[in-house]
Amino acid sequence: MDNISIARVLEETASLLEIDAADPFRIRSYRRAAEAVEQQTAQLASLADDPKQLLAIAGIGKGMAANIVDILSTGSTPLRDELLKKYRPSMLELLRLPGMGPKTVALIWSALNVCDIDALEEAAKAGHLNKLPRMGEKFTTKLLKGIEDYRKNSSRFRIDQAREHAERISALIREFPGIDEITPAGSLRRGRETVGDLDLLVTGPACEPDVVAAAVEHVASLPLIDKLLARGQNKVSFTLRNNLQVDVRLLPRASYGAALQYFTGSKMHNVALRQRAIKRGMTLNEYALLRVEDNSIVAAATEELIYRALDLDYIPPELRENSGELDAAANHALPELITLTDIRGDLHMHTVETDGAHTIREMAEAALSRGLQYIAITDHSKNLAMTNGMDDRRAIAHIQRIREIDTEMRGSIRVLAGIEVDILAEGELDLSDDTLAQMDIVVASVHSRFDQPVEQMTDRILRAIENPYVRILGHPTGRKVLKRDPYAVHIETILKRASELGVAVEHNASPARADLNDLHLRLAKQHGCRIVVNTDAHSTTELDQIRYGITQLRRAWLTAADILNTQPSAEALLAQLRPR
DNA sequence: GCCGTTTTCGGCCCGACTGTTTTCAGTCG
């Protein structure tokens with residue numbers, strides 16, 4: 001059983017305990033353990049024989065280690081089995097409805113014997129809920145709407161789409177006079193691949209307490225609001241037509257840093273941070289870091305001040321997941337994370353020769369204008385017929401054109417000749433070695449059959465990278481965000497072999513693909529892989545998607561030294577790749 | 001159930017908003 005599945009069982013147990021009105025701290029322990037398990041790069045199944053290794057994980061003690069051993073051998077724990085006798089698994093789904101918490105789920109179960117969504121809808125329509133305490137007309141209406149939304153769309157939003165919405169909304173809010181700054185917080189700021197909702201923090205003279213009402217009014221009447229969910233003194237919540245929920249908070253300048261810190265999260269990071277504050281005789285909320293004894297403000301205006309006051313180095317948002325960043329910040333051991341400007345080249349992009357939108361020259365100029373020093377043009381090979389993939393003859397001719405453009409650019413940017421070759425079912429490539437031998441960069445990618453058994457898929461990739469001309473393994477997992485593909489491959493096996501062979505592993509920056517997640521990337525580093533981050537751009541604007549790739553690298557604690565395409569020149573880069 | 005720069009017991013993060021409430025419980029982030 002993999003870590004994700006173990007974490008799911010622990011999380012389920014936490015929810016069941018919640019419905020059972022168990023000790024809240026015990027519940028938190030299960031949640032914390034679930035998160036910790038999910039963040040491990042090593043598979044717990046492989047180290048459960050040695051209890052010491054489990055106990056070394058923060059948040060896992062004797063009891064939880066025993067639970068994990070149980071889960072690995074039986075798929076469950078005695079406690080969970082016990083709870084499932086008392087309640088129903090379908091209740092866990094009820095918790096996902098807005099307004100439905102553990103207390104309410106427990107209540108409708110004991111009072112009405114309702115344990116799933118269909119029965120709940122029926123009971124609500126029949127007016128049975130109104131007889132229960134604190135559930136009136138409004139509650140029922142809201143619940144029915146929530147059920148409808150849940151069935152329609154219960155998914156999260158991709159980070160690039162969320163960012164676009166954030167920018168659109170921000171532009172509208174900015175029209176109100178006296179708004180200085182709007183920052184998206186929450187998981188968007190932390191760079192998660194998907195976000196559940198949008199948190200926008202707003203500050204400026206118009207957000208000071210005595211005048212904020214007018215600005216709140218402005219936000220609450222934005223034209224793109226589909227449904228207004230709540231409006232308080234300085235907060236407005238609404239949904240867009242696509243069901244994305246947006247929370248806008250208008251905050252005075254003096255406490256903006258505290259708010260930013262608070263609403264950026266993650267939740268577990270915040271909990272840990274507040275515990276640290278308490279130990280130091282302070283308390284932290286969304287307005288300020290305060291000294292407990294006299295309620296005096298220690299820090300509030302910026303995040304930097306708050307972290308410093310807690311004896312911590314500034315922690316970048318991408319690292320705020322309570323996975324060791326507090327210890328590292330306390331010991332001045334945070335890595336110097338890679339930034340966008342560290343990237344000097346992009347080694348995977350397409351042109352009009354196959355399925356791209358722009359010419360070689362246009363791509364080169366666009367890359368140059370973005371400050372890149374080298375790129376590789378890597379159009380598709382023939383097996384991808386729907387992209388107008390090239391056969392050997394066309395691929396050779398294409399190289400010539402790339403070389404010509406490279407010359408025309410007169411060294412302002414180097415344009416390397418490459419190809420994205422397809423890995424066929426048996427692991428061979430769809431172009432001849434003679435052709436590949438003429439390429440500076442050969443990216444080998446799998447493009448189909450992700451429904452194959454894992455072993456077959458892995459085998460296919462392992463065989464392909466044995467080809468001595470392959471220098472980069474393109475989007476190695478074929479994972480697609482929101483499609484919720486399980487890892488289609490034994491990624492650790494592949495990373496190990498790629499590392500041995502000197503084949504670089506690509507992190508595909510495209511948010512749709514988001515190929516390697518932060519755990520994969522940490523694993524790649526552990527195994528000594530050469531990592532490159534590429535956009536796989538099909539148009540000039542898609543070159544900008546590199547920022548999303550960088551965010552994921554940062555989330556994996558990677559530095560410029562961990563990534564190959566930070567090399568200062570094309571020659572330096574080629575020297576790092578598998579020799580020809 | 002976890003954890004230890006007061007502790008192996010006794011703590012464990014914080015506030016806003018909602019609905020149906022004359023004082024608060026539940027949910028949410």
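Note that the structure is predicted; figures quoted are calculated from it, not measured. Values below: every heavy atom of this structure, side chains too, minus hydrogens, waters and symmetry copies. So you know, we letter chains A, B, ... as the sequences are listed, proteins then strands, and number each from 1.
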Going through the distances and angles, do Lys85(A) and Asp81(A) end up as a salt bridge (charged side-chain N to carboxylate O under 4.0 Å, His left out)? CA-CA 6 Å; Lys85(A) 265 186 231 157; Asp81(A) 292 340; over 6 Å; no
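Between Arg134(A) and dA25(B), a side-chain N or O to OP1/OP2 separation shorter than 4.0 Å is absent.
dC28(B) and dT22(B): their P atoms are spaced 23 Å apart (whole Å). dC14(B) and dC9(B) have their C1' atoms separated by 25 Å, given to the nearest Å. On the C1' atoms, dG15(B) is 25 Å away from dG10(B), given to the nearest whole Å. Rounded to whole Å, the separation between the C1' atoms of dC12(B) and dA16(B) comes to 22 Å. Atom C1' of dT6(B) sits at a distance of 12 Å from the matching atom of dG11(B), rounded to the whole Å. Taking atom C1' on both nucleotides, dT7(B) is separated from dC3(B) by 10 Å, rounded to a whole Å. For dC17(B) and dT21(B), the C1' atoms lie 14 Å apart once the distance is rounded to whole Å.
Of the candidates Arg163(A), Glu193(A), Arg513(A), Arg163(A) is the only one forming a side-chain contact (heavy atoms from CB on, under 4.5 Å) with Tyr548(A). Residue Leu44(A) forms a side-chain contact (heavy atoms from CB on, under 4.5 Å) with just one option from Asn3(A), Ile71(A), Val69(A), and that option is Asn3(A).
Contacts between residues 10-37 of chain A and DNA chain B, defined by a heavy-atom separation under 4.0 Å, are made by Asp23(A), Phe25(A), Arg26(A), Arg28(A), Ser29(A), Tyr30(A). Residues from residues 66-93 of chain A that place a heavy atom under 4.0 Å from any atom of DNA chain B: there are none.
In this structure, Tyr307(A) and His269(A) have tilted ring planes: the angle between them lies in the 30° to 60° band.
Within the structure, the salt bridge (Lys or Arg N to Asp or Glu O under 4.0 Å) test picks out the following pairs touching residues 290-308 of chain A (sequence neighbours left out): Arg189(A)-Glu303(A), Glu303(A)-Arg320(A). Within the structure, salt bridge (Lys or Arg N to Asp or Glu O under 4.0 Å) contacts touching residues 214-240 of chain A (residues at least two apart or in different chains) are Glu217(A)-Arg231(A).
With the nearest nucleotide of DNA chain B identified for both Met135(A) and Pro98(A), Met135(A) has the one nearer the 5' end.
The nearest whole Å value for the distance from the NZ atom in Lys62(A) to the P atom in dC2(B) is 10 Å. When the P atom of dT27(B) is taken as reference, atom CG of Asp197(A) falls 18 Å away, rounded to whole Å. Following rounding to the nearest Å, Lys279(A) (NZ) and dC2(B) (C1') show an atom-to-atom distance of 12 Å. Atom CD of Gln275(A) is separated from atom P of dT5(B) by 13 Å (rounded to the nearest Å). Spacing between atom CD1 of Ile108(A) and atom C1' of dT27(B) amounts to 15 Å, rounded to whole angstrom units. Atom CE in Met268(A) sits about 13 Å away from atom P in dC2(B), given to the nearest Å. Atom C1' of nucleotide dC3(B) and atom CE of Met64(A) are separated by 13 Å, given to the nearest angstrom. Between the CD1 atom of Ile57(A) and the P atom of dC2(B) there is a distance of 12 Å, rounded to whole Å.
Using a 3.5 Å distance cut-off with no hydrogens or angles, the side chains of Asp515(A) and His520(A) do not pair a donor with an acceptor. Under the 3.5 Å distance criterion, with hydrogens and angles disregarded, no donor-acceptor pair is assigned to the side chains of Asn285(A) and Tyr262(A).
The ring-ring contact (aromatic ring centres under 6.0 Å, His included) check on Phe176(A) picks up His218(A), with sequence neighbours excluded.
Using a 4.0 Å heavy-atom cutoff across all strands shown, Lys103(A) reaches sugar-phosphate atoms only and no base atom. Leu55(A) comes within contact range of no nucleotide atom at all, as no heavy-atom separation falls under 4.0 Å. Note on Ser237(A): nothing from the nucleic acid sits closer than 4.0 angstrom, heavy atoms only. Nucleic acid contact for Ala58(A): sugar-phosphate only, since backbone atoms but no base atoms lie under 4.0 Å from a heavy atom of the residue.
Shown here, dG4(B) forms a base pair with dC9(B); the pair counts as Watson-Crick or G-U wobble because both key distances fall under 3.5 Å.
Taking only side-chain atoms of Phe139(A), from C-beta outward, the nucleotide of dG19(B), dG29(B), dT27(B) with the closest atom is dG19(B).
At least one cation-pi condition fails for Arg134(A) and Phe139(A): the charged atom is not both under 6.0 angstrom from the six-membered ring centre and inside a 45 degree cone around its axis. Under a cutoff of 6.0 Å and an axis angle of 45°, Arg28(A) and Phe25(A) do not form a cation-pi pair.
The existence of a salt bridge linking Arg190(A) and Glu321(A) is confirmed by a sub-4.0 Å separation between a basic side-chain nitrogen and an acidic carboxylate oxygen.
Contact annotation: the side chain of Ile338(A) never approaches that of Thr559(A) to less than 4.5 Å [non-hydrogen atoms, C-beta and beyond].
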Table of protein N/O atoms under 3.5 Å from nucleotides 14-18 of chain B N/O atoms:
{"from": "dC14(B)", "atom 1": "OP1", "to": "Thr283(A)", "atom 2": "OG1", "distance (Å)": "2.9"}
{"from": "dC14(B)", "atom 1": "O2", "to": "Tyr262(A)", "atom 2": "OH", "distance (Å)": "2.9"}
{"from": "dG15(B)", "atom 1": "OP1", "to": "Asn285(A)", "atom 2": "ND2", "distance (Å)": "3.3"}
{"from": "dA16(B)", "atom 1": "OP1", "to": "Tyr287(A)", "atom 2": "OH", "distance (Å)": "3.3"}
{"from": "dC17(B)", "atom 1": "OP1", "to": "Gln233(A)", "atom 2": "N", "distance (Å)": "3.2"}
{"from": "dT18(B)", "atom 1": "OP1", "to": "Arg231(A)", "atom 2": "N", "distance (Å)": "3.4"}

